[in-house]
Amino acid sequence: MSYHINTKCLYGNMESRKTEPTGAISYPIYQTATFAHPGVGESTGYDYSRLQNPTREQLEKVVATLENGHEAVAFSSGMAATNALMELFRPGDHVIASDDLYGGTIRIFNHINRKNGIQVDFVDTSNLDAIIDNITENTKAIYIETPTNPMMNVTDLRAVSKIAKSNNILLIVDNTFLSPYFQNPIVLGADIVLHSGTKFLGGHNDTLAGFLVLANETLTEQIRFIVKTTGAGLSPFDSWLLLRGIKTLPIRMEKQQENALVLAKWLEQQDKVKSVYYVGLPSHIGYQVNKSQASGAGSMISFHVDSEQTATRILEKVQIIQYAESLGGVESLMTYPMLQTHADVPKKIREAKGINERLLRLSVGIEHIDDLLDDLAQALHD
Ligand SMILES: *Cc1c(COP(=O)(O)O)cnc(C)c1O
């Protein structure tokens with residue numbers, strides 16, 4: 001029997017209902033580092049929590065189900081997941097990445113992976129010819145965010161998947177911005193899906209987490225070996241927080257998206273707002289492609305205001321919306337990408353993308369829409 005995603009978020013791993021001995025409705029936190037063996041050469045299935053822990057395993061099964069993956073592996077943060085992912089490659093390997101990415105991803109590519117001999121080229125992946133032109137005999141992967149952070153560029157995942165498959169290249173998609181509720185890249189042909197679980201999946205701005213969802217057994221075995229060896233698996237307590245957060249993913253995503261669309265339309269009407277980037281607006285350049293591959297537009301909005309003064313004034317005057325890094329949680333947060341998420345991106349590259357002193361990014365939460373509108377209005381106009 002197959003279930004809707006709303007039901008899967010609650011009961012994702014139906015198997016555990018039969019095997020959990022107490023019938024606990026909330027899956028228990030197995031706060032243990034190690035497990036006793038029933039006999040010599042025997043195992044309960046659990047030996048040591050770096051390899052696997054029942055609470056983490058429960059979470060991994062739920063996330064794999066939501067993304068239609070073969071398996072999911074849970075990490076202590078999104079960047080820990082990216083770091084483990086990049087251990088798939090060796091010196092001389094080449095990766096093509098979207099040219100607008102989460103700043104921490106650009107930092108790990110440029111400062112950690114490059115030092116280890118992995119060459120990453122950043123291209124506009126919404127332009128398929130740009131991808132094809134950059135493929136070399138050493139290209140092992142294409143790494144995509146769609147929509148991108150913070151400019152909300154959209155890449156056609158089905159089309160890129162065809163290019164990847166015909167060249168024997170892995171397609172990796174960071175699906176943090178839409179979450180599995182709105183987009184399932186594996187169904188569209190991706191080999192690996194990455195999540196910062198800190199964001200929508202956790203949903204409450206209370207813990208860090210990351211995921212790799214693998215489309216097949218070979219990749220699963222490789223990533224399991226890497227997590228067991230390098231040790232960045234998610235702790236039992238944090239795994240439980242993620243299980244708890246995921247239960248309300250669908251209603252949070254719907255509400256946050258509903259609020260975001262109202263705010264995006266309102267922002268478009270304001271004199272001091274020069275452009276609004278939200279994939280749910282028909283005026284957005286990626287609107288059609290996003291609509292063809294995702295069931296929603298999420299709740300991330302970026303916008304350019306008329307001046308640096310206006311940008312800093314908004315950040316200082318918002319009362320309900322808070323000026324903080326991160327996104328995807330129930331609380332609305334505003335960031336200044338230039339100074340926060342993208343501070344480490346070289347100025348020239350940053351500005352060419354539009355990440356300048358006039359750009360703000362808003363992660364819309366579940367507050368009452370009138371309070372959000374009033375808050376933005378007083379910050380913009382008073
Ligand atoms: C936050 C984020 C990451 C990194 O995740 P952490 O949990 O902060 O380590 C990666 N990709 C995207 C799109 C993000 O927003």
Side-chain angles (χ1 to χ4, degrees), residues 59 63 67 72-86 95 97-113 120 122 125 143-155 157 172-183 185 190 192-213 227 230 232-235 238-239 241-242 245-246 253 256 260 277 279 290 294 297-302 324-329 331-337 340-345 353 355 361-365:
L59 170 64
V63 172
E67 281 289 11
V73 181
F75 293 88
S76 56
S77 71
M79 291 318 301
T82 311
N83 193 46
L85 167 77
M86 294 309 285
V95 174
S98 300
D99 63 355
D100 185 42
L101 290 176
Y102 175 69
T105 307
I106 300 174
R107 185 170 54 217
I108 197 171
F109 286 168
N110 282 342
H111 296 282
I112 307 286
N113 306 135
V120 182
F122 298 94
T125 52
Y143 186 103
I144 283 172
E145 276 180 30
T146 179
T148 59
N149 183 2
M151 298 311 295
M152 312 297 160
N153 298 324
V154 175
T155 291
L157 291 178
I172 303 161
V173 179
D174 180 338
N175 199 29
T176 300
F177 266 34
L178 289 184
S179 91
Y181 183 69
F182 284 135
Q183 182 166 267
I192 302 177
V193 168
L194 185 140
H195 278 285
S196 168
T198 314
K199 315 294 169 56
F200 289 100
L201 288 169
H204 294 75
N205 291 317
D206 55 10
T207 189
L208 300 186
F211 295 95
L212 292 177
V213 190
V227 70
T230 58
L234 192 62
S235 75
D238 289 348
S239 296
L241 279 174
L242 264 287
I246 287 169
M253 294 306 295
Q256 288 175 252
Y277 310 94
V279 287
N290 186 70
S299 56
M300 296 302 299
I301 303 171
S302 291
E325 311 230 24
S326 205
L327 61 105
E331 295 95 355
S332 292
L333 302 180
M334 197 180 280
T335 51
Y336 204 13
Q340 295 175 292
T341 49
H342 290 68
D344 284 349
V345 178
K353 313 249 149 296
I355 307 172
R361 192 192 74 187
L362 178 59
S363 169
V364 183

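For ligands, and for the atoms within them, numbers begin at 1 and follow the listed sequence. Only a predicted model underlies this, so the values are computations on that prediction, with no experimental measurement involved.
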Validation row, ring centre Phe200 to ring centre Tyr181 under 6.0 Å: no
Using side-chain heavy atoms (C-beta onward) and a distance below 4.5 Å, is Tyr102 in contact with Thr176? no
Could you tell me the separation between the CG atom of Asn175 and the CD1 atom of Ile144, rounded to the nearest 0.5 Å? 11.5 Å
Would you check if the side chain of Ser363 reaches a backbone N or O of Leu327 as a donor-acceptor pair within less than 3.5 Å? no
Find all protein N or O atoms under 3.5 angstrom from an N or O atom of ligand 1 and list the pairs with distances, or write 'none'.
| residue | atom | partner | partner atom | Å |
| --- | --- | --- | --- | --- |
| ligand 1 | 5 (O) | Ser196 | OG | 3.0 |
| ligand 1 | 7 (O) | Gly78 | N | 2.9 |
| ligand 1 | 7 (O) | Ser196 | OG | 2.8 |
| ligand 1 | 7 (O) | Thr198 | OG1 | 2.6 |
| ligand 1 | 9 (O) | Gly78 | N | 3.0 |
| ligand 1 | 9 (O) | Met79 | N | 2.9 |
| ligand 1 | 11 (N) | Asp174 | OD2 | 2.7 |
| ligand 1 | 15 (O) | Lys199 | NZ | 2.7 |

Interatomic spacing from CD1 in Ile192 to CD1 in Ile172 - rounded to 0.5 Å: 4.5 Å
Under the salt bridge (Lys or Arg N to Asp or Glu O under 4.0 Å) rule, collect the residues that match up with Asp344, sequence neighbours excluded. Arg107
